[in-house]
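See below for the structure under consideration.
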Amino acid sequence: MPRIIVHIDMDAFFASIEVLDYPELRGKPVIVGGPAVRGVVSAASYEARAFGVHSAMPMGEALRRCPQAVVMPVRGGRYHDMSRHIMTLLAPHTPLLEQMSVDEAYLDLTHWLPAGATGASVAAEIQTTIARETGLGCSLGVATGKAIAKMASDLRKPRGLVVVPPGEEAAFLAPLEIGKLRGVGAATERKLRALGVHTIGDLARLPATRLGGQFGVVGPELLALAQGRDDSPVVPERQAKSIGRETTYWTDVTERAVLERTLLALTDDVAESLRRHDFLARGVTLKLRDDAFRTITRSTTLPEPSDVTEALYAAARALLTAARWHRPTRLIGVTAGPLQPAADRQFNLFAEDDDKKRKVAGAIDAIKARFGNDAITRARLAKKE
DNA sequence: TCTGGGGTCCTAGGACCC
DNA sequence: TCTGGGGTCCTAGGACCC
């Protein structure tokens with residue numbers, strides 16, 4: 001029996017929420033994004049897209065293309081709240097609901113269709129419900145697999161609904177540009193075009209032997225997808241594997257003390273997130289990017305899995321020292337991972353010190369939860385008045 | 001044009017063990 | 001004296017996605 005997978009993708013999500021909250025923006029080109037210097041576009045309204053503005057574009061370029069655009073800062077908390085509301089509207093349709101990001105989800109309706117309903121009718125109902133309950137538009141794709149449903153939802157934005165009937169997957173995909181295939185980014189697109197592959201249909205017709213070894217395991221996977229075979233499952237709850245924080249400076253930094261201070265603040269944030277989600281990290285990765293956009297990472301395994309700032313920061317700082325990094329720095333970041341549930345914490349004679357720090361950290365977390373993040377901070381991070 | 005911040009997965013070499 | 005082969009873990013980098 002063919003599966004019935006629905007992909008839902010909110011239309012210009014961040015920008016649409018800004019228009020919702022500030023109705024005077026309706027009909028205007030709206031860009032949600034970071035600062036004009038070193039910022040990028042997070043979302044653009046369709047009016048802004050008409051000028052060639054799209055997400056991930058450097059802000060300077062976006063404003064050159066559309067000087068009259070209204071630029072709004074990113075309000076992550078607001079989008080997150082809206083996302084949760086939308087998921088509660090999707091949940092009644094199936095227990096097999098996989099949230100992919102703040103504005104995207106998959107539903108597997110194969111065994112959850114009400115009598116007399118079809119994938120298309122449920123998708124249409126979802127679109128209507130979301131518009132009524134939130135005032136926001138979304139596009140949907142219905143197909144026998146996730147990747148194909150996603151490509152379908154992408155085809156007629158905004159407020160589209162595209163159904164790919166079972167058996168018509170390959171025909172649906174064939175005319176699309178090769179770069180539209182999920183898993184084909186800039187690098188793979190370049191290599192495929194060099195082989196004369198310009199559309200998904202070109203790839204589907206390519207003899208497997210012509211792919212050779214240059215695409216690794218993804219080669220056969222891309223070929224299968226191009227031919228319409230798409231059987232990855234909808235997985236409701238995925239285990240997080242890492243938690244990280246990074247920041248780009250307004251201007252490059254060379255002072256070691258500044259790098260360390262930022263690293264401590266980022267690590268503090270990561271540790272708090274670990275505790276909030278009941279995870280222990282087995283390792284730490286430091287990330288640095290220089291003024292020429294060259295990025296390096298350095299990672300290490302912790303002596304004991306941990307969720308306290310002191311242990312994570314000691315490791316991150318040691319990595320910074322060992323990296324012998326003296327370049328002008330534009331970005332610094334720290335990631336904790338791989339993760340394990342805190343319930344797996346081993347009794348350890350040497351972990352008593354950690355245990356005290358965890359109790360202090362837990363008390364601080366509680367104060368932040370009650371009075372806000374600014375209520376308490378480390379002496380080393382306190383702003384000098 | 002001058003490139004954010006949050007992630008996942010794959011590759012490849014070397015260490016280490018049996 | 002010079003040498004196998006498999007398995008697993010660790011680390012660094014890169015491709016990709018939203």
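Here is the naming used below: chain letters follow the sequence lines, and residue numbers restart at 1 for every chain. The analysis underlying the following values was restricted to heavy atoms, covering all of them including side chains, and did not include hydrogens, waters or symmetry mates. The shown structure was predicted, so the numbers you read here are calculated from the model rather than taken from an experiment.
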Test: [X] and [Y] ion pair at under 4.0 Å:
X	Y	value
A:Arg193	A:Glu177	yes
A:Arg275	A:Asp307	no
A:Lys28	A:Glu47	no

Determine: side-chain N/O of [X] to OP1/OP2 of [N], distance under 4.0 Å, yes or no.
X	N	value
A:Arg330	B:dT3	yes
A:Ser242	B:dT8	yes
A:Lys241	B:dC9	yes
A:Lys150	C:dC18	yes
A:Thr248	B:dG5	yes

**Report entry** Members of residues 58-80 of chain A that approach DNA chain C, where some heavy atom sits under 4.0 Å away
**Finding:** none

Expressed in angstrom and rounded to an integer, what is the separation of [X] atom [atom1] from [N] atom [atom2]?
X	N	atom1	atom2	answer
A:Leu222	B:dC10	CG	P	12 Å
A:Ile332	B:dG4	CD1	P	15 Å
A:Leu266	B:dG6	CG	C1'	13 Å
A:Glu104	B:dT8	CD	C1'	14 Å
A:Ile243	B:dG5	CD1	C1'	15 Å
A:Asp103	B:dG6	CG	C1'	13 Å
A:Phe279	B:dG7	CZ	P	11 Å
A:Lys287	B:dG4	NZ	C1'	9 Å

Quiz question: by atom type and distance under 3.5 Å, do the side chains of [X] and [Y] form a donor-acceptor pair?
X	Y	value
A:Glu104	A:Ser153	no
A:Thr321	A:Arg298	no
A:Thr309	A:Asp268	yes
A:Arg330	A:Thr248	no

For [X], which contact category applies under a 4.0 Å heavy-atom criterion: base, sugar-phosphate, or nothing?
X	answer
A:Arg282	nothing
A:Gly244	sugar-phosphate
A:Gly183	sugar-phosphate
A:Thr285	nothing
A:Thr335	nothing

Query raised in the report: On a whole-Å scale, what distance lies between the C1' atoms belonging to C:dG4 and B:dC17?
Result: 14 Å

Query raised in the report: DNA chain B: A:Gly39 or A:Arg238, which has the more 5' nearest nucleotide?
Result: A:Gly39

Query raised in the report: Counting side-chain heavy atoms from CB outward, which of C:dC17, B:dG6, B:dT3 is closest to A:Val40?
Result: B:dT3

Query raised in the report: Which nucleotide in the list C:dC18, B:dT3, C:dC10 gets nearest to the side chain of A:Thr301?
Result: C:dC10

Query - Where A:Arg156 and A:Leu161 come nearest, the two heavy atoms and their spacing - result: NH1-O, 4.3 Å

Requested in this report: For A:Val53 and A:Cys66, work out which heavy atoms get closest and say how close.
Outcome: CG2-CB, 4.0 Å

Query - Nucleotide-resolved protein contact map, nucleotides 11-16 of chain B, B/S/- at heavy-atom distance under 4.0 Å - result: S-----

Requested in this report: Go ahead and name the base partner of B:dC18; Watson-Crick or wobble counts if both distances stay under 3.5 Å, otherwise write none.
Outcome: C:dG5

Query raised in the report: Do we see A:Phe293 stacking on the base of B:dC2, given a limit of 5.5 Å between centres and 30° between planes?
Result: no

Query raised in the report: Please walk me through it: do A:Asp290 and A:Ile296 pass side-chain contact (heavy atoms from CB on, under 4.5 Å)?
Result: CA-CA 9 Å; A:Asp290 70 13; A:Ile296 68 157; over 6 Å; no

Requested in this report: Identify the residue among A:Val234, A:Leu96, A:Ile8 that makes a side-chain contact (heavy atoms from CB on, under 4.5 Å) with A:Leu107.
Outcome: A:Ile8

